[in-house]
Amino acid sequence: MIRVQRDIFDIGEEIEALTTGRTDIGAVVSFTGLVRDINDGNDVTGLSLEHYPGMTERELAKIEKEARSRWDLQASLIIHRYGEMALGEPIVLVVTASPHRHDAFEAAHFLMDWLKTKAPFWKQEMTADGDTSWVKERESDVKAAKRWTTNA
Amino acid sequence: MIRVQRDIFDIGEEIEALTTGRTDIGAVVSFTGLVRDINDGNDVTGLSLEHYPGMTERELAKIEKEARSRWDLQASLIIHRYGEMALGEPIVLVVTASPHRHDAFEAAHFLMDWLKTKAPFWKQEMTADGDTSWVKERESDVKAAKRWTTNA
Amino acid sequence: MKILYFAWLKTKLQMTEETISWSEDCRDTDSLVRWMKTRGPAFAEVFSDLEVVRIAVNQEYITGNTTLGKEDEIAFFPPVTGG
Amino acid sequence: MKILYFAWLKTKLQMTEETISWSEDCRDTDSLVRWMKTRGPAFAEVFSDLEVVRIAVNQEYITGNTTLGKEDEIAFFPPVTGG
């Protein structure tokens, strides 16, 4: 399941909704990305996320499908926000459920690594001096995503 | 932080409590282990967990300390329940917070793998025919734990 | 053809979206990029380093030169930074 | 010395805990296990396969033979299955 939304979300409620009423799930892994006050050495005061409506949903759906074909998942969820966000707020949530913890861990890690380099979102940071600047691509994110291709 | 308790816990609240009021955390990973209706082919109707009070807390504290020495963690939490548990209920929760998603993922995975082979808990399964039986150690758990030793 | 710009490309070109008529100049993505560079200094600058410009046609990433038709939606944007 | 039993060891021995006086028979963990085996059929069975019995002294896993004193707490249990 994927959701692209402006509104904030509740991590606990989302995990709950995914597992509630089910007794066949043994392992649930969640990843939450939050707005940090420091990024690459800059003092950040807020974040704005732009995205490409339509393509975003397609890419997220493809990434989720890929994860479900690689690992034994019973449920999965990707929520990604866009628009303005304050420090400490969640930006993205990934949840995976599996009978096996290894699958749940690997799939969630994969989802985040692929999402980071494929989903069409762009971050703009607000800094203390009133500047706004577009966040640059990170070499470490590119490497992290590649790991899942070479291991395949 | 570690907690050993009989009572059920709320995953969302626990994650919230760990990150609330902080703006320096970029990544939070959680793992929840739940009571499944099937284990190694048996129809399970409930679970009872015995543990070794005192040693449990020591082992969990050691495992947490090891994780914090290996990865860049800003916060971590292990909650493990004991006593009677119904299907679908959470047994264990591990949460890790880091500036980097890789560290949060690796540390949470490590915590679970080590906990599985080191923390003195023993599961007893109730099955549909009224039998109770002690769960056997899994070879896959032993291997999963070893991975973190040979890679070190 | 609908052309979309995102992130710093949008900022530099001061444009989020435009519609252009199909012509030989935009028969494929390579031609379209060549034509873009001729549209003035801002365009020349934005398309000067194609290493930092990603192209999507009809909301799919493309690899290599891609034929374009009248109804296509082409998007130009920098490497993504979500998550 | 305090001796603790957990999980199926506890079930088979029908005992969770006992206190024994220190003697040469339990000067170290190897001696203690040897003595345990002599205590009757249930004990002999429980300690027949040491591959599936873990030993902790004062709430720490031990590896190899370990000297024991009067005040020590010794625990016998199967491989753990929590999580």
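So that the names make sense, note that chain A is the first sequence line, chain B the second, and so on, each numbered from 1. These values consider heavy atoms only, across backbone and side chains, with no hydrogens, waters or symmetry-generated copies.
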Trainee: What's the shortest heavy-atom distance between A:I25 and B:L34, and which atoms?
Mentor: O-CB, 3.4 Å
Trainee: Taking all non-hydrogen atoms of both residues, which atom of A:I15 and which atom of B:S30 are closest, and how far apart?
Mentor: CD1-OG, 4.2 Å
Trainee: If I measure from the heavy atoms of chain B, does A:A27 come under 4.5 Å with its side chain, its backbone, both, or neither?
Mentor: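 Both parts, heavy atoms under 4.5 Å.
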Trainee: Rounded to the nearest 0.5 Å, what's the gap from CG on A:D141 to CZ on B:R101? Could you check?
Mentor: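 Reported to 0.5 Å precision, the distance equals 4.5 Å.
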Trainee: Side chain, backbone, both or neither: which part of A:A86 has a heavy atom under 4.5 Å from chain B?
Mentor: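 No part of it gets close to chain B.
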Trainee: Considering only heavy atoms, which portion of A:V29 lies under 4.5 Å from any heavy atom of chain B: side chain, backbone, both, or neither?
Mentor: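 Both backbone and side chain of A:V29 come within 4.5 Å of chain B.
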Trainee: How long is the straight-line distance from CZ of A:R22 back to CZ of B:R36, given to the nearest 0.5 Å?
Mentor: 11.0 Å
Trainee: So how far is it from B:H102 NE2 to A:M112 CE, rounded to the nearest 0.5 Å?
Mentor: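 One gets 13.5 Å once the value is rounded to the nearest 0.5 Å.
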Trainee: With rounding to the nearest 0.5 Å, note down the distance linking CD in B:E13 to CD1 in A:I11.
Mentor: 12.5 Å
Trainee: Name the member of A:S140, A:G26, A:G12 that forms the most heavy-atom pairs with chain B at distances under 4.5 Å.
Mentor: A:G26
Trainee: Who wins among B:A97, B:G88, B:G21, B:A108 for the most heavy-atom pairs under 4.5 Å with chain A?
Mentor: B:A108
Trainee: Relative to chain B, which segment of A:P99 carries a heavy atom at a distance below 4.5 Å: side chain, backbone, both, or neither?
Mentor: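 For A:P99, heavy atoms of backbone and side chain both lie under 4.5 Å from chain B.
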Trainee: Rounded to the nearest 0.5 Å, what's the gap from CG on A:D113 to CZ on B:F105? Could you check?
Mentor: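 It is 7.5 Å, given to the nearest 0.5 Å.
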Trainee: Between B:T32, B:D10, B:T23, which residue shows the highest count of heavy-atom pairs closer than 4.5 Å to chain A?
Mentor: B:T23
Trainee: Can you see which heavy atom on B:D24 is nearest to which on A:D37, and at what distance?
Mentor: CA-OD1, 3.7 Å
Trainee: Mind running ring-ring contact (aromatic ring centres under 6.0 Å, His included) on A:H109 and B:H109 for me, showing each step along the way?
Mentor: CA-CA 10 Å; A:H109 203 158; B:H109 203 156; 8.9 Å; no
